[in-house]
Protein chains: 2
Amino acid sequence: MTGRRTLVRNLNRTREKILAAALAEFSARGFAGARVDAIAGRARVNKRMLYYCFGAKQDLYREILRRKIAERAGLIESAPDDFAGALAHIYLGGGTDIDFVRLMEWEAIDSGGKKCIAEAERRALFEKAVARLRVLQRRGSIPHGVNLTQLFISMLSLAMFPLVMPQLIRLIHGMEPTDPRFMRQRAKFLRWLGDRLEKTTETVRIKSRRRRNPVAPSQTAVHRGRPFKKPGQLA
Amino acid sequence: MTGRRTLVRNLNRTREKILAAALAEFSARGFAGARVDAIAGRARVNKRMLYYCFGAKQDLYREILRRKIAERAGLIESAPDDFAGALAHIYLGGGTDIDFVRLMEWEAIDSGGKKCIAEAERRALFEKAVARLRVLQRRGSIPHGVNLTQLFISMLSLAMFPLVMPQLIRLIHGMEPTDPRFMRQRAKFLRWLGDRLEKTTETVRIKSRRRRNPVAPSQTAVHRGRPFKKPGQLA
DNA sequence: GGCTTAATTAACTGATCAGTTAATAGCGCG
DNA sequence: CGCGCTATTAACTGATCAGTTAATTAAGCC
C-alpha cells in the first residue's frame, strides 16, 4: 500500500518500458506467440497502457521491427573496404545480435510473401551493399563474372545462420552460438573465408615461386590464414 | 446425401491424408499457428480423427518433424566427393525443399534451447559430414588448419538461407527463392564458391603460366567457373 | 441377420487472449 | 482548492481453439 501511494505518471517512461519489454517478448515468441499480458507484466505497467501508447498489438510489433531495422541500418555503411573485413563486420555487428536476427526470422516465417516493413529503405541499403561489392570487383578483389547479389546473399547467410538455426549449431558444434568462444571462432573462420575468396591474385604470386614443391603451396595458404588473429576485435 | 451413402472407412488412408495436411499446415504456420480444424479441413476428415490416429496435436507435430528429418537423412551420404559438388548437392537436395527448411526454422525459433527431435541420429549424421570434410582435408582439397565444423555450418548456411529468409531474397534480388531461375543461379554460384575454396592448387598452376599478364589470371578464374553450367540438374 | 468392435461424425467444454469499458487518480493551471 | 485532462488501474467481453464426450455407423465374424 505504501508503494502504491507514490505512483508517478510519466508517459515517456511508460512507453520506453513497454518498448523494451515488447522487444524481448516479440523476439522470443514472435507476433502471434507474444502475449500483451506478458509484455505488460515484463514492463510492469497495466495492460491498458499498451493500447493507450501504441494502439493495437500489431502496431506495437511494427514499431519494434522498425526500430530494430533502423538500429542496424548503419551496418552496411560502416563495413570495412576489404571483403573479409566486411564479412566479419556484418557477422559481429548484426549476426550476433540475437534480437535482430530473431525478429528477421519471425518476419521471414510469418510473412508468407506479404509486403515488409521499411521495404524501400532496406532495398536501398541492400543496393548500396551490392554497389560496394561492385567497387571491389572493379579493383580486382572479387573476380569478374561473379554474381554480386548472390555474393551478398551469401554474406548474410554466413553471418546470420548461427543465430537463425541455433539448434543445428548445438547439434553440429556442441556449443551455443551465443558463446563468446563460438563467436570468436566464427569471426576467425569468416575472415579466412573472406580472404580466400578475395586475395587470389597475391596468393597466386607467392605460390608460383614454390611450384617445384607441391606441398609447399598448401603450407603457404595456411600462412596466409594467420593474419586473421587480430586480437582485441572481440572482447 | 448420395455422396455420404458411400462413406468408406480406411484408417490407413485417413492417416496418410492427415499426415499430408499436417505437413502443409505445420510448415506454413508452425506448431502453435497451425489449427487442428485447418489440418482436418485440408485432409477432409473429421477433427476427431486427428486425436484418434495420433493423439495430441504435439504428437502429430513430432511425427511430421521425424518423418521429414528421416526423409532428408540421406542427403549427406549421397553428396559427391568434391566439395563444390557437395555444396550444390546440399542446396539442391535440401535447400530447395521448402517444407524441410521451414520445419527446421520453426524448430529453431520455437525450441528455446530445448532438446530436439531425433538428436542422436542427427548428431551422428553431422559427424559423418564433418568426417567426410576431413577426408577432403587430408587429400589437400581443403586447406589444413581450417575449422571443419565451421565449414560444415557454412555449407548449411549457404544452402538453406534463401528459403530461411525469403523476404530478404526478395528485397535483395527481386526474385522469389522458389523461382527456378533463382535456384539455377544459386546452384551455379555455390559451385563457383565451392571450387574457389577447394581447388587452389590447380588454379595456381594454371595461373602461374600467365603471370606476365596480371589481368589474365582473373580471366582464367572466370573460365574455371564455366563448368558449373551442368544442365539437366535443374529442370 | 445379429452382435461386437472400431472408424467416423457432431456437438460440447473450459481455458486463453486481444481488445473494450468503466472507474480512479495524478498533475498542472487558474 | 476546484476543475479539466490524461495517465493509469481493474474488470469485462466475445471469439478462438485444443481437447473431450456422445452418438452413429461401417465392417467383419458367427
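Throughout, protein chains are lettered first and strands after them, A, B, ... in sequence-line order, and every chain is numbered starting at 1. From a predicted model like this one, the values you see are computed outputs, not experimental measurements.
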Chemist: State plainly whether the residues B:Glu25 and B:Arg35 are in salt-bridge range, i.e. N to O under 4.0 Å.
Modeler: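 Looking at B:Arg35 together with B:Glu25, the answer is no, because their closest N to O distance does not fall below 4.0 Å.
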
Chemist: Determine, step by step, whether A:Arg170 and A:Met175 satisfy the side chain to side chain contact (heavy atoms under 4.5 Å, CB included) criterion, reporting the C-alpha distance in whole Å, the side-chain angles of both residues, the deciding distance to 0.1 Å, and the verdict.
Modeler: CA-CA 5 Å; A:Arg170 283 194 292 271; A:Met175 218 183 266; over 6 Å; no

Chemist: Nearest 0.5 Å, please: how far is CD1 in A:Ile64 from CG in A:Leu19?
Modeler: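 The CG atom of A:Leu19 sits 5.0 Å away from the CD1 atom of A:Ile64.
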
Chemist: Between atom CE in B:Met49 and atom P in C:dA6, what is the gap in whole Å?
Modeler: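 One finds 13 Å between P of C:dA6 and CE of B:Met49, rounded.
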
Chemist: What do the steps show when you test A:Gln167 against A:Met165 for side chain to side chain contact (heavy atoms under 4.5 Å, CB included), and what is the final call?
Modeler: CA-CA 6 Å; A:Gln167 89 281 24; A:Met165 298 276 193; 3.8 Å; yes

Chemist: Assign A:Arg35 to base, sugar-phosphate, or nothing according to its heavy-atom contacts below 4.0 angstrom with the strands shown.
Modeler: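 Counting heavy atoms under 4.0 Å across all strands, the contact made by A:Arg35 is with sugar-phosphate only.
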
Chemist: Strictly under 3.5 Å: I want the nitrogen or oxygen pairs between protein and nucleotides 1-3 of chain D, one per line.
Modeler:
none

Chemist: Between B:Asp99 and B:Lys68, does any side-chain N to carboxylate O distance fall below 4.0 Å?
Modeler: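 No, this pair does not count.
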
Chemist: Going through the checks in order, is the side chain to side chain contact (heavy atoms under 4.5 Å, CB included) test met by B:Ser154 and A:Arg186?
Modeler: CA-CA 10 Å; B:Ser154 300; A:Arg186 185 76 187 153; 2.9 Å; yes

Chemist: Quick one: does A:Leu168's side chain get under 4.5 Å of B:Arg122's, heavy atoms only?
Modeler: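 The answer is yes; the side chains approach within 4.5 Å.
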
Chemist: Calculate, to the nearest 0.5 Å, the distance between atoms CD and CG belonging to B:Glu63 and B:Leu23 respectively.
Modeler: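 Taking CD in B:Glu63 and CG in B:Leu23, the distance rounds to 11.5 Å.
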
Chemist: Looking at A:Glu119 and A:Lys114, does any basic side-chain N land under 4.0 Å from a carboxylate oxygen?
Modeler: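 So A:Glu119 does not pair with A:Lys114 through a salt bridge.
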
Chemist: Taking atom P of D:dA11 as reference, at what distance in whole Å does atom CG of A:Asp37 sit?
Modeler: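 The distance from CG of A:Asp37 to P of D:dA11 comes to 13 Å, rounded to the nearest Å.
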
Chemist: Are A:Arg67 and A:Glu71 close enough for a salt bridge, meaning some N to O gap below 4.0 Å?
Modeler: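 So A:Arg67 does not pair with A:Glu71 through a salt bridge.
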
Chemist: By nearest atom, which of the nucleotides C:dA18, C:dA10, D:dG19 is closest to the B:Arg48 side chain?
Modeler: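 Ranking C:dA18, C:dA10, D:dG19 by closest atom to the B:Arg48 side chain puts C:dA10 first.
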
Chemist: When you compare the protein's N or O atoms with those of nucleotides 27-30 of chain D, which come within less than 3.5 Å of each other, and at what distance?
Modeler:
residue	atom	partner	partner atom	Å
D:dA27	OP1	B:Arg9	N	3.3

Chemist: Test of understanding: with side-chain hydrogen bond (donor to acceptor under 3.5 Å, both in side chains), list the residues that count as partners of A:Arg48, not counting sequence neighbours.
Modeler: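 A:Arg48 satisfies side-chain hydrogen bond (donor to acceptor under 3.5 Å, both in side chains) with no residue once adjacent residues are dropped.
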
Chemist: Can you classify the ring geometry of A:Tyr61 versus A:Phe31 as parallel (below 30°), tilted (30 to 60°) or perpendicular (above 60°)?
Modeler: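 A:Tyr61 vs A:Phe31 ring planes: tilted.
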
Chemist: Roughly, in whole Å, what's the span from CG in B:Asn46 to P in C:dT9?
Modeler: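 These atoms are roughly 5 Å apart.
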
Chemist: Using a strict cut-off of less than 4.0 Å between a Lys/Arg side-chain nitrogen and an Asp/Glu carboxylate oxygen, indicate whether B:Arg181 and B:Asp179 qualify as a salt bridge.
Modeler: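 Yes.
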
Chemist: Answer yes or no: are there more than 12 heavy-atom neighbours, outside B:Arg29 itself, under 6.0 Å from its atom CZ?
Modeler: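 Atom CZ in B:Arg29 is not crowded, with 12 or fewer foreign heavy atoms closer than 6.0 Å.
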
Chemist: Base, sugar-phosphate alone, or nothing: which one does B:Ala40 contact when heavy atoms must sit under 4.0 Å apart?
Modeler: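 No contact.
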
Chemist: Any side-chain heavy atom of B:Asn147 sitting closer than 4.5 Å to one from A:Trp192?
Modeler: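 The answer is no, as the side chains (C-beta and beyond) never meet within the 4.5 Å cut-off.
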
Chemist: For A:Phe161 and B:Phe161, I'd like to know if the aromatic rings sit close, meaning centre-to-centre distance below 6.0 Å.
Modeler: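 When the ring centroids of A:Phe161 and B:Phe161 are compared, they turn out to be at least 6.0 Å apart.
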
Chemist: Between residues 54-62 of chain B and DNA chain C, which residues have a heavy-atom gap below 4.0 Å?
Modeler: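 The answer is none.
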
Chemist: Among residues 10-32 of chain B, which contact DNA chain C at a heavy-atom distance under 4.0 Å?
Modeler: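 Close to the strand are B:Asn10, B:Leu11, B:Thr14.
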
Chemist: All N/O contacts under 3.5 Å from nucleotides 12-15 of chain C to the protein, with atom names and distances to one decimal?
Modeler:
none

